[in-house]
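Following: one structure in structure tokens, then a few remarks.
Chain letters run A, B, ... following the sequence lines, proteins first and then strands; every chain starts at 1. A quick note: this is a predicted structure, and the numbers were derived from the prediction, not measured.
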Protein chains: 2
Amino acid sequence: MRYHRIPNETVHRLPIYLRGLLRLSEQGRQSVSSRAFADLVNVNPWQIRKDFSYFGDFGTRGVGYSIDKLEKHIRKILRLDVVNKTALVGVGNLGSAVLAYPGFKTYGFYITAAFDSDPEKIGNTIEGIEIEDVSKICTLRERDVHLAIVAVPGSAAQQIADALVGAGVKGILNFSPVHVIVPKKVKVITIEIAMDLARLPYYMPAS
Amino acid sequence: MRYHRIPNETVHRLPIYLRGLLRLSEQGRQSVSSRAFADLVNVNPWQIRKDFSYFGDFGTRGVGYSIDKLEKHIRKILRLDVVNKTALVGVGNLGSAVLAYPGFKTYGFYITAAFDSDPEKIGNTIEGIEIEDVSKICTLRERDVHLAIVAVPGSAAQQIADALVGAGVKGILNFSPVHVIVPKKVKVITIEIAMDLARLPYYMPAS
DNA sequence: CTATGTGAATTTATTCACAGCA
DNA sequence: TGCTGTGAATAAATTCACATAG
């Protein structure tokens with residue numbers, strides 16, 4: 001099964017695995033069995049084995065999987081093996097939280113630019129990043145930034161997305177509660193907090 | 001196919017449908033065809049028809065679906081047909097963004113309590129909600145709050161989750177980047193921003 | 001004897017195609 | 001004729017069971 005496309009659901013689990021591997025690596029572990037890893041990441045052992053089998057030979061029978069090899073390979077598959085410069089647009093409460101969030105570095109993301117439209121904020125430095133006017137988004141191309149996080153109000157989101165696409169951005173993580181339309185060569189992932197919350201009561205036991 | 005369990009993936013799409021219906025409702029529309037709705041919510045028409053067919057008879061052949069009936073019914077399925085009082089724990093940047101976010105009301109969620117451990121913040125009022133000490137979480141039971149949003153650092157998340165469970169909370173929306181362990185009668189949905197971002201380069205076209 | 005790796009079986013979800021009602 | 005509603009076909013993902021390697 002060496003040459004096989006990786007199912008979408010597996011790709012979805014890859015960052016979860018990566019985080020688990022990182023934790024084991026910090027503990028100085030060299031290898032881990034599918035059983036032990038299952039407990040850590042909350043996925044069945046057979047699911048883990050099948051997922052890993054889609055992209056190669058990282059296990060040793062009787063021993064387990066090489067943490068280091070696996071980590072490197074998952075990073076490569078997800079294209080997290082290079083530094084990904086990322087821009088942030090919208091430095092309100094949510095944007096500030098994103099700037100302060102240390103979790104991005106784990107995956108090789110570095111926020112190297114921040115934009116806002118509020119003249120009060122422009123020129124300020126937050127978390128070591130100077131806030132620029134949104135009209136400067138067009139400079140992202142020459143700054144080699146291909147990823148952006150959008151944390152602006154819904155009413156501004158499409159316009160910002162257009163500017164980002166115009167500046168050569170290839171991937172957008174969208175926090176605004178609107179479906180932004182982009183050319184299909186650009187990938188958008190929208191996070192809708194309210195929708196995740198909306199699913200919660202369905203899965204809650206009867207009160 | 002009238003009496004059929006609703007597939008998980010359909011439940012997942014329900015909040016998306018609900019938002020679309022709400023938008024149509026605001027425009028004063030009475031009914032919508034699966035084709036027109038498909039464009040709005042970005043799901044195939046046949047998928048929409050199949051999904052709707054799992055829970056009843058809301059369409060009229062030749063015309064379309066009754067927006068009002070459908071909205072009410074989806075709300076009922078998701079148990080969004082009642083006011084869901086919600087607590088927020090952690091009023092940092094992210095927590096403040098959550099408090100200010102208007103999208104929750106759409107789905108019947110009202111944040112009626114906010115907690116933090118910072119003495120500087122306790123007693124302050126933000127967005128009309130007084131910030132209380134985290135030690136007061138135990139009062140949630142008598143205040144009839146069964147839902148909570150956790151926006152605290154990872155190191156504090158498990159402890160906060162324990163307190164919430166102790167106070168009778170049945171559902172937790174977790175923003176902290178750790179897997180919290182709760183009794184299985186409690187449902188936790190964890191949002192991991194960094195993981196969503198981590199999936200983006202995989203889906204981006206080669207730079 | 002332990003733990004991987006993988007075909008085969010099963011379950012779940014999507015897509016199709018069209019009968020049937022307004 | 002237009003659009004829903006749904007069985008049947010297809011596709012995708014999960015689970016199982018076991019041969020195989022260390």
Between [options], which nucleotide gets closest to the side-chain atoms of [X]?
{"X": "A:P7", "options": "D:dG5, C:dA13, D:dA13", "result": "D:dA13"}
{"X": "B:S33", "options": "C:dT15, C:dT6, D:dC3", "result": "D:dC3"}
{"X": "A:N44", "options": "D:dA13, D:dT15, C:dT14", "result": "D:dT15"}

Length of the [atom1]-[atom2] vector between [X] and [N], whole Å:
{"X": "B:K50", "N": "D:dG7", "atom1": "NZ", "atom2": "P", "result": "7 Å"}
{"X": "B:R13", "N": "C:dT12", "atom1": "CZ", "atom2": "C1'", "result": "12 Å"}
{"X": "B:I48", "N": "C:dC16", "atom1": "CD1", "atom2": "C1'", "result": "16 Å"}
{"X": "A:Q47", "N": "C:dT10", "atom1": "CD", "atom2": "P", "result": "18 Å"}
{"X": "B:W46", "N": "C:dC18", "atom1": "CH2", "atom2": "P", "result": "15 Å"}
{"X": "A:F52", "N": "D:dA13", "atom1": "CZ", "atom2": "C1'", "result": "17 Å"}
{"X": "B:F58", "N": "D:dT6", "atom1": "CZ", "atom2": "P", "result": "12 Å"}
{"X": "A:R35", "N": "C:dT4", "atom1": "CZ", "atom2": "P", "result": "9 Å"}

Taking the six-membered ring for Trp, are A:F104 and A:Y110 ring centroids under 6.0 Å apart?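 That pair fails the under 6.0 Å test.
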Under 4.0 Å between a side-chain N or O of B:Y65 and OP1 or OP2 of D:dC3?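 So the side-chain polar atoms of B:Y65 never come under 4.0 Å of the phosphate oxygens OP1 or OP2 of D:dC3.
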Tell me whether the side-chain N/O atoms of B:S34 come closer than 4.0 Å to OP1 or OP2 in D:dC3. no
Protein-nucleotides 18-22 of chain D N/O pairs under 3.5 Å:
{"from": "D:dT20", "atom 1": "O2", "to": "A:R61", "atom 2": "NH1", "distance (Å)": "2.5"}
{"from": "D:dA21", "atom 1": "O4'", "to": "A:R61", "atom 2": "NE", "distance (Å)": "3.2"}
{"from": "D:dG22", "atom 1": "O4'", "to": "A:R61", "atom 2": "O", "distance (Å)": "3.4"}

Does the distance from a Lys or Arg side-chain N to an Asp or Glu carboxylate O, for B:E132 and B:R143, drop under 4.0 Å?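 Between B:R143 and B:E132 there is a salt bridge, with a charged N closer than 4.0 Å to a carboxylate O.
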A:K72 bridged to A:D68 by N-O distance under 4.0 Å: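 So A:K72 pairs with A:D68 through a salt bridge.
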Test A:R79 against A:I77 for side chain to side chain contact (heavy atoms under 4.5 Å, CB included), laying out the working first. CA-CA 5 Å; A:R79 302 215 228 146; A:I77 293 170; over 6 Å; no
Carefully, step by step, assess A:V91 and A:F115 under the rule side chain to side chain contact (heavy atoms under 4.5 Å, CB included). CA-CA 7 Å; A:V91 193; A:F115 302 93; over 6 Å; no
Which residue, B:F52, B:F55, B:F58, forms the ring-ring contact (aromatic ring centres under 6.0 Å, His included) with B:Y65?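 Filter result, single survivor: B:F52.
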Is it the case that over 12 heavy atoms from other parts of the model lie below 6.0 angstrom from the NZ atom of A:K121?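 Enclosed: over 12 neighbouring heavy atoms sit under 6.0 Å from NZ of A:K121.
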5'-most by nearest nucleotide on DNA chain D - A:N8 or B:V32: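 Its nucleotide being nearer the 5' end, the pick is B:V32.
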Answer with base, sugar-phosphate or nothing: what part of the nucleic acid does A:F37 contact at a heavy-atom distance below 4.0 Å?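 Answer is nothing: A:F37 stays at 4.0 Å or more from every strand.
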